Amino acid sequence: YGYCPMYSNWYDLPYDIRAVSKLFRATSHHTSALTTKRNILTTAFKPHPLLSRQEFSALVLNLLTFANGYLHIERSRLGSILRIRARPAVHMRRMRDLDQYVQLHSGIDIAQGTEHQFAKGEIIHIYEPDLDQEIYGIPHYLSSINSILLNEAATLFRRKYYKNGAHAGFILHISDAMNTQEDIDDVEQALRNSKGAGNFNNMLIYTPNGQKDGVKVIPLAEVAAKDE
């Protein structure tokens with residue numbers, strides 16, 4: 001299983017599961033696609049005395065997001081099943097003995113993190129099949145990561161561009177002579193007052209004694225605001 005590196009006595013996943021976890025909230029399109037599927041399956045699920053709807057929802061969300069879902073069978077001292085709970089896939093790993101599993105309590109530093117080892121038969125592992133290994137599942141949507149990140153970057157760019165407000169919306173060009181400087185100041189103040197938070201800045205150019213078409217509005221934002 002060289003495709004899955006081994007740390008201590010457990011196998012790591014063949015992809016960066018923490019990066020995929022952050023990717024879940026990258027764009028509304030990606031998040032809504034996964035949550036919609038989760039909601040449909042959760043609605044159709046009939047709760048069981050051992051498996052609640054909440055635990056089933058957590059299982060499905062982990063399976064859809066990471067292609068790996070884990071259920072922990074909690075037993076009494078006498079061996080009877082008390083309940084079945086979903087475990088977070090981001091912390092779960094398979095051990096050298098593939099029938100055993102371990103949960104990392106500190107997934108940030110695998111070298112210093114503590115572990116909880118489950119007994120054989122305590123964990124039910126559901127995963128998507130992969131072509132290169134049979135230890136973990138790999139999400140099928142990983143091939144669309146570049147598209148998801150590009151969508152996120154474009155959205156962030158538009159937000160920053162809007163909040164910046166340091167770009168021209170249009171240029172008001174007045175070449176006809178006005179009576180006094182106060183008239184020009186009034187027009188300039190009116191332009192400033194029309195600007196809201198994050199809106200485009202407008203520019204005023206006054207060239208007295210101009211020629212034909214003395215007042216022109218030159219739009220800039222229609223071209224400058226397009227980032228795609």
Side-chain angles (χ1 to χ4, degrees), residues 1-26 30-142 145:
Y1 302 109
Y3 196 61
C4 299
M6 174 169 283
Y7 296 93
S8 181
N9 60 342
W10 47 266
Y11 291 100
D12 200 6
L13 285 95
Y15 67 93
D16 190 344
I17 193 170
R18 290 199 167 274
V20 172
S21 178
K22 295 178 181 178
L23 196 68
F24 176 76
R25 297 175 178 85
H30 179 59
T31 305
S32 61
L34 295 175
T35 55
T36 298
K37 293 179 182 179
R38 186 274 309 270
N39 293 339
I40 293 175
L41 292 174
T42 303
T43 302
F45 173 72
K46 295 181 179 180
H48 189 273
L50 299 177
L51 181 62
S52 66
R53 189 184 300 274
Q54 179 69 21
E55 297 296 334
F56 177 79
S57 176
L59 169 67
V60 172
L61 185 60
N62 277 272
L63 184 60
L64 292 175
T65 306
F66 305 114
N68 291 275
Y70 302 87
L71 288 174
H72 178 208
I73 302 176
E74 297 184 354
R75 298 181 181 274
S76 65
R77 294 181 180 271
L78 299 178
S80 60
I81 299 177
L82 297 176
R83 61 177 177 175
I84 300 177
R85 298 183 59 186
R87 290 293 179 178
V90 71
H91 297 304
M92 296 295 296
R93 301 293 186 272
R94 295 187 77 169
M95 303 188 67
R96 186 186 297 271
D97 182 353
L98 298 181
D99 292 330
Q100 286 189 289
Y101 294 83
V102 62
Q103 180 173 346
L104 308 179
H105 294 302
S106 176
I108 299 177
D109 188 347
I110 57 177
Q112 300 179 0
T114 57
E115 304 174 355
H116 173 74
Q117 182 175 333
F118 296 94
K120 283 188 177 181
E122 280 190 336
I123 296 296
I124 300 175
H125 185 195
I126 307 172
Y127 60 95
E128 293 282 350
D130 181 51
L131 296 176
D132 298 304
Q133 47 81 40
E134 54 186 10
I135 301 181
Y136 297 105
I138 298 181
H140 297 306
Y141 63 81
L142 291 186
I145 283 182

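Just so it is clear, the structure is predicted and the values come from calculations on it, not from any experiment.
Other residues, nucleotides and ligands place no more than 12 heavy atoms under 6.0 Å from the CD atom of Gln54. Heavy-atom contacts from other residues, nucleotides or ligands closer than 6.0 Å to CZ of Arg53 number more than 12.
Side-chain N or O atoms of Ser57 include none that pairs as donor or acceptor with a backbone N or O of Thr42 at under 3.5 Å.
A salt bridge links Lys120 to Asp97: one of the charged nitrogens lies within less than 4.0 Å of a carboxylate oxygen.
Aromatic ring pairs are classed by plane angle as parallel below 30°, tilted from 30° to 60° and perpendicular above 60°; the pair Phe56 and Phe45 is parallel.
Residues Arg87 and His72 bring a donor and an acceptor atom of their side chains to less than 3.5 Å of each other. Using modelled atom types, one finds no donor on one side chain facing an acceptor on the other under 3.5 Å when comparing Gln117 with Trp10. Looking at Ser76 and Ser80, their side chains do bring a donor and an acceptor atom within 3.5 Å of each other.
Taking the side chain as every heavy atom from C-beta outward, Pro14 and Cys4 approach each other to under 4.5 Å. Annotation: side chain of Ile126 is in contact with side chain of Leu59 (closest heavy-atom distance under 4.5 Å). Taking the side chain as every heavy atom from C-beta outward, Arg93 and Ile17 approach each other to under 4.5 Å. With a 4.5 Å cut-off on side-chain heavy atoms, Ile123 and Met92 count as touching.
Atom CG of residue Leu34 and atom CG of residue Leu64 lie 6.0 Å apart, to the nearest 0.5 angstrom. Of the inter-residue distances, the one linking Leu98 atom CG with His125 atom NE2 reads 10.5 Å to the nearest 0.5 angstrom.
In this view, Ser21 and Phe66 satisfy the side-chain contact (heavy atoms from CB on, under 4.5 Å) rule, not counting sequence neighbours. The salt bridge (Lys or Arg N to Asp or Glu O under 4.0 Å) search around Lys22 returns none, not counting sequence neighbours.
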